[in-house]
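The structure under discussion appears below in the form of structure tokens.
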Amino acid sequence: MLWHDVRWWLLYGILAIWLQSFLPGVDIFALGFLLLLQSGKWRQATLWGILAVLVQEGTGSAVFGFSIIWYFFIVCCYVVGCGIFVADNRIFIFLLSAMLGAGRAFLAIGMYRINEAQPPMDRIIFEAVEQGLCIFLLWGLFSYLSNRFSNAH
């Protein structure tokens, strides 16, 4: 990993934490994880995923274990989607965003059920739609910035 990569991902991490303070229930780190998967940097994606899980689990924004399942789900959706589409295709990103939004809702409902609690459906659906929209809308911006920052040695 080169120094400009470290600077970019440090900046991205700060931006992700800042954006998440305005969008509670949305995982902005997941977008960075997808960008790393998309660029073929699996080792960096693994490190970023571990960092993201630690941050998400540490903030208590979801029930314990949710983030681990969430990031595994992201990898599964990405790998299956890449078998069907080209990874940087906008249709792929749109469908992946929709799938991740829906998957986040199902995971949240499942985690509430495991804890024998009544899931707040309106909040779960709102956060799932928000998650899908954030991934789709911010993907282009952060993909551009990531490439621009990496090429600016």
List the atom of [X], the atom of [Y], and the distance in Å for their closest heavy-atom pair.
X	Y	value
A52	Y71	CB-OH, 3.2 Å
P120	Y112	CD-CZ, 3.5 Å
A87	F92	O-CD2, 3.2 Å
F66	A108	CE1-N, 3.5 Å
W70	A30	NE1-CB, 3.9 Å

To the closest 0.5 Å, what do you measure between [atom1] ([X]) and [atom2] ([Y])?
X	Y	atom1	atom2	answer
S67	I50	OG	CD1	13.0 Å
F94	I91	CZ	CD1	9.5 Å
L15	L31	CG	CG	11.0 Å
C77	L95	SG	CG	11.0 Å
L100	I93	CG	CD1	9.5 Å
T46	Q44	OG1	CD	10.0 Å

Side-chain heavy-atom pair [X], [Y] within 4.5 angstrom cut-off:
X	Y	answer
I28	V26	yes
W48	L35	no
R104	I124	no

side-chain contact (heavy atoms from CB on, under 4.5 Å) involving A45 - partner list, sequence neighbours excluded: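 Only F33, L36, L37 meet the side-chain contact (heavy atoms from CB on, under 4.5 Å) criterion with A45.
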
Using the test side-chain contact (heavy atoms from CB on, under 4.5 Å), find all partners of I17 that sit at least two apart in sequence or belong to another chain.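 Applying side-chain contact (heavy atoms from CB on, under 4.5 Å) to I17 gives F29.
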
Find out if a path of hydrophobic residues (ILVMFWY) with successive side-chain heavy-atom gaps under 4.5 Å connects W18 to L23. yes

I84 atom CD1: more than 12 heavy-atom contacts under 6.0 Å: yes

Could you tell me whether the side chain of Y12 and the main chain of G32 form a donor-acceptor pair under 3.5 Å?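 Yes, Y12 side chain to G32 backbone: donor-acceptor pair under 3.5 Å.
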
State whether the side chain of Y78 and the backbone N or O of L34 hold a donor-acceptor pair below 3.5 Å, judged by distance alone.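 No, the answer is negative, given that no donor and acceptor are paired below the 3.5 Å cut-off.
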
Enumerate, atom names and distances included, each donor-acceptor pair closer than 3.5 Å involving a side-chain atom of residues 126-140, sequence neighbours excluded.
{"unit_1": "E127", "atom_1": "OE2", "unit_2": "R123", "atom_2": "NE", "d": "3.3"}
{"unit_1": "Q131", "atom_1": "OE1", "unit_2": "D27", "atom_2": "N", "d": "2.7"}
{"unit_1": "Q131", "atom_1": "NE2", "unit_2": "D27", "atom_2": "O", "d": "3.1"}
{"unit_1": "W139", "atom_1": "NE1", "unit_2": "Q38", "atom_2": "OE1", "d": "3.0"}

